[in-house]
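To start, the structure itself, in structure tokens.
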Amino acid sequence: MRPTSGVLLALLVGAASRAEETPAASGVALGEFTRSHPFGLIMMPSEGGAPLSFESSELHDLAGSWGEPFRALMVMPGVSHIVSGASLPVVRGAAPSSTGFYLDGVRVPQLYHLWVGPSTVHPGLVSGLDFYRGPAPARFGRELGGTVDARLIAPSTDTVFAVGSIDLFNVGVLTQVPLRSTGTEVTLAGRFAYTPWIAASVINGLRGPSSPDLVLGLFDYQARVTQAVGRGSLRLLALGSSDDAGLSGTGDVVRLGTAFHRVDLRLTHPLGVGHAEAAVTWGQDTLGANGGGEASRVTVGLSERTLGARLAWHTALSRQLVVAAGADVERRLTHVDQSTTFRPGEAGDPARPTATTSVLQSLARATFAGAYAQASWTQSRWRLTPSLRVDGYLLAPELNRVVVEPRLHARAALSETVALRLGAGLLHQPPAHLLDAPGVEAAAARLGLQRAFQLEAGADMRGAAGFTFRADVFVHPSVRTVELDVLSFDLLADDPAARGQLRTAEGYGYGVELMARRRLWNRWSLLASYTFQRRTLSTRVERRDDTGRVVGVETLPLASALEQQHVLNAAVTVKLPWGLTVGTTLHYNTGAPETGSLLFSSTQREGVDPEKGTARWVPADRDQVARLPGYFRVDGRVSKTGLLGPLEVEAWLDVFNLSLTREVFRYSYGTEKGQLVRKPFGLPPVTLPSLGVQARY
């Protein structure tokens, strides 16, 4: 079972992660390593790491998050974004796909619909989350970014529980049904995006018969069945998501579809003097795209099937010593299917032939396996948690590698209100793309592994009136980083070793993170964070003269394309009489380098046309690029809760970018009346309201 941070923080005094914890004594009784569970008493291990731990109730009313706990990560320290509104966390400068998201031990491969839409997990299903920004506990591996471990709501043991909701975009339902006669509990949840489906239907009805049809469909589902087995429990968890958007039919079309499915069967049961867990997971991910016109069309599909298993065991050997060990293995099979349809001849000629070519190619057959062991020793006000993880990467014939990852976490309580922390670890991961896509991580392993050290030191302090404060300093030296091209996955390179070397860079990241937190106390709460961060990579710089001709090349340590040096967030929520709740979130970040990568434009400077002698734009040297402008945003939320017979009803209005501010991430470089002109990209301010109603029974 998932170890909770409440057990860890009960070992020492002054943890700021939870305002309600009590001072620890000189030792910890064995009973403090357990928690009650509807299907038995479960032993919980003490593990390293110092996560930011939140209950969903604390994040529910956060303005701009639409009531989704995962979106609240964007106001946490150490987190920046690529484009505002796309809740893809850039944790300490790492690409979003380098951060792992787990739901009760099962990794969620795609957290948002079409990567930027609503969450693919019903928000009511999540009871809380633990967020690791530095070296995570040893049971997590193969990730260089952050780790988010989400907790499911507890099974209902006596009454039926149901929640229904509808907003401007989704309709959703969640229900829990206990079967006391058999010791079984069933939880079902899901959401369907009805607005895009209705809009597509209306638009298609107004189009002519020869026009392509608009397709917009998004839905997700989750199901859990928990069965008591002696002193343990058997849990079956299934979840999935499907997205389909674009134009289909005749004429010029373009269409994109994504889907994933996971089925996880887990048994937890006492074993010897400890507690054991055994699980098996099946998964399938797909990504498909097609486009073209009447003359030719191209269809490309990525698919990945996974089969994995994991084992874990932990126990408290004494009042001071807790040990844990485990192993996991995952087999990934990835294929790419590409087909082209070509119709030579005159357009509109029904007799012209149709030629089709199709290629189904194995992209990767990879096996990832790992094992870990750790011990947590507590003495008086100290806790020391050394651990060791060993991972094997097999991608025949390109890669057969075993890596060893030592990790260490320590904590010391200086007083009843102040504690110090230390974390260090060596981590590896296959090259990661900007966004998760089926098979990319497994296939990109042929380019070699990334490697980085993660070092962090921090302090927690409990203040008056319910305030807690947290400060962290981190240094992340990157021994080897492989940056994949956004427009080319580099997966089918003829010489993967040479391509991997071309993408390889060394660098480092460092920064300071501050957080002030006040849980709901005297009817108001606060969550504020500030992050200063730098991330540099060795970068190839082309020197150009005033005509734009390359005259030299050198390699320099330069800021990465994802670096936002300063990020500030402040979220305030106030409970008013008559069931009213109001809140606002303020956000500010400095701009990233205008490097020409991702969605950004590339900085241009004034040059000379070598033939005409007139002024023209030429690319600026990479170390001379400008930074995009800073961005400030205000979100707002108001909700009303009341009773309607047996139902508890909540109505809310949540507005993202209530301030109507505009984020600049591109510039256009041109000429007007013979003068060089630089203009911001012409997107209007992106403001997204969410108006909805939720009823609980």
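FYI, side chains are in, hydrogens and waters are out, and symmetry mates aren't considered; it's all heavy atoms of this structure.
The pair Glu416-Arg462 does not count as a salt bridge, with every side-chain nitrogen at least 4.0 angstrom from each carboxylate oxygen. A salt bridge does not link Arg139 with Asp328: none of the charged nitrogens is closer than 4.0 Å to a carboxylate oxygen. Using a 4.0 Å cut-off between charged side-chain N and carboxylate O, Arg470 and Glu513 make no salt bridge.
Counting all heavy atoms, side chain and backbone alike, Tyr372 lies closest to Ala327 at CE2-N, 4.2 Å. The minimum heavy-atom distance linking Ala366 with Ala442 is given by the pair CB-CB, 4.0 Å. Here the shortest heavy-atom pairing between Met461 and Val418 reads CG-CG2, 3.9 Å. Here the closest non-hydrogen pair linking Pro69 and Leu59 is O-CD1, 4.0 Å. Of all non-hydrogen atoms in Tyr112 and Gln110, the two that sit nearest each other are O-NE2, 2.9 Å. Between Pro135 and Gly423, the shortest heavy-atom contact is CG-C, 4.0 Å.
Here the side chain of Thr367 pairs no donor or acceptor atom with the backbone of Leu394 at under 3.5 angstrom. A donor-acceptor pair under 3.5 Å links the side-chain atoms of Gln533 to the main chain of Gln564, judged by distance alone. Judged purely by atom type and a 3.5 angstrom limit, Thr536 has no side-chain atom pairing as donor or acceptor with the backbone of Pro557. The main-chain N or O of Gly146 is found under 3.5 Å from a side-chain atom of Thr99 such that the two form a donor-acceptor pair. Using a distance-only test at 3.5 Å, with no hydrogens or angles considered, no donor-acceptor pair links the side chain of Ser525 to the main chain of Arg519. Judged by distance alone, the side chain of Gln450 and the main-chain N or O of Ser478 form no donor-acceptor pair under 3.5 Å. No donor-acceptor pair closer than 3.5 Å links the side chain of Ser387 to the backbone N or O of Ala373.
Side chains of Val479 and Phe453 form a contact here, defined as non-hydrogen atoms less than 4.5 Å apart. The shortest distance between side-chain heavy atoms of Lys575 and Leu520 falls below 4.5 Å. Residues Arg535 and Val90 fail the side-chain proximity criterion, which asks for heavy atoms closer than 4.5 Å. Using a 4.5 Å heavy-atom threshold, the side chains of His566 and Tyr530 count as touching. Using a 4.5 Å heavy-atom threshold, the side chains of Leu449 and Leu399 count as touching. Ile82 has its side chain within reach of Pro96: a pair of non-hydrogen atoms, C-beta onward, lies under 4.5 Å apart. Arg383 places a side-chain heavy atom less than 4.5 Å from the side chain of Thr385. Side-chain contact between Pro123 and Arg71 is absent, with no heavy atoms from C-beta onward closer than 4.5 Å.
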Handout entry: Test log, rule salt bridge (charged side-chain N to carboxylate O under 4.0 Å, His left out), inputs Glu456 and Arg421
Key = CA-CA 8 Å; Glu456 65 178 8; Arg421 292 176 282 101; 5.1 Å; no
Practice task
List the steps and the verdict of side-chain contact (heavy atoms from CB on, under 4.5 Å) for Gln222 and Leu174.
Solution key: CA-CA 9 Å; Gln222 302 87 42; Leu174 184 153; over 6 Å; no
Exercise for the section: Mind running side-chain contact (heavy atoms from CB on, under 4.5 Å) on Val121 and Phe101 for me, showing each step along the way? Expected result: CA-CA 11 Å; Val121 177; Phe101 294 90; over 6 Å; no
Problem - Met76 and Arg133: CA distance, side-chain angles, deciding distance, side-chain contact (heavy atoms from CB on, under 4.5 Å) verdict - result: CA-CA 10 Å; Met76 304 296 178; Arg133 295 157 297 154; 5.7 Å; no
Handout entry: Worked check of side-chain contact (heavy atoms from CB on, under 4.5 Å) between Gln374 and Arg389
Key = CA-CA 9 Å; Gln374 71 176 32; Arg389 182 177 177 91; over 6 Å; no
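A donor-acceptor pair shorter than 3.5 Å can be found between the side chains of Glu185 and Thr187. A donor-acceptor pair shorter than 3.5 Å can be found between the side chains of Thr281 and Asp264.
In this structure Arg332 satisfies the salt bridge (charged side-chain N to carboxylate O under 4.0 Å, His left out) test together with Glu330, Glu441, sequence neighbours excluded. Residues passing the salt bridge (charged side-chain N to carboxylate O under 4.0 Å, His left out) test with Asp635, sequence neighbours excluded: Arg633. Partners of Arg407 by salt bridge (charged side-chain N to carboxylate O under 4.0 Å, His left out), not counting sequence neighbours, listed by chain and number: Glu405.
Around the CD atom of Glu506, the shell of radius 6.0 Å holds no more than 12 heavy atoms that belong to other residues, nucleotides or ligands.
Once rounded to the nearest 0.5 Å, the distance linking CG of Leu103 with CG of Leu125 reads 6.0 Å. With values rounded to the nearest 0.5 angstrom, Arg381 atom CZ is found 12.5 Å from Arg411 atom CZ. To the nearest 0.5 Å, the span separating CH2 on Trp524 from OG1 on Thr573 amounts to 10.5 Å. Separation of atoms OG1 (Thr468) and CG (Asp460) is listed at 8.0 Å; rounding is to 0.5 Å. Interatomic distance, OG1 of Thr268 versus NE2 of His275, reported as 4.5 Å (0.5 Å rounding). Atom CG of residue Leu455 and atom CG of residue Leu408 lie 10.5 Å apart, to the nearest 0.5 angstrom.
Just one residue in the list Arg151, Arg224, Arg235 forms a side-chain hydrogen bond (donor to acceptor under 3.5 Å, both in side chains) with Asp104, and that residue is Arg235. Each of Leu568, Val79, Asn569, Leu52 was evaluated against Ser529; a single residue qualifies, Asn569, per the side chain to side chain contact (heavy atoms under 4.5 Å, CB included) test.
For the pair Arg142 and Phe368, the NZ or CZ position fails the cation-pi test of under 6.0 Å to the six-membered ring centre and within 45 degrees of the ring normal.
The aromatic rings of Phe474 and His476 sit tilted, their planes meeting at an angle between 30° and 60°. Between His587 and His81, the angle of the ring planes lies from 30° to 60°, which puts this pair in the tilted group.
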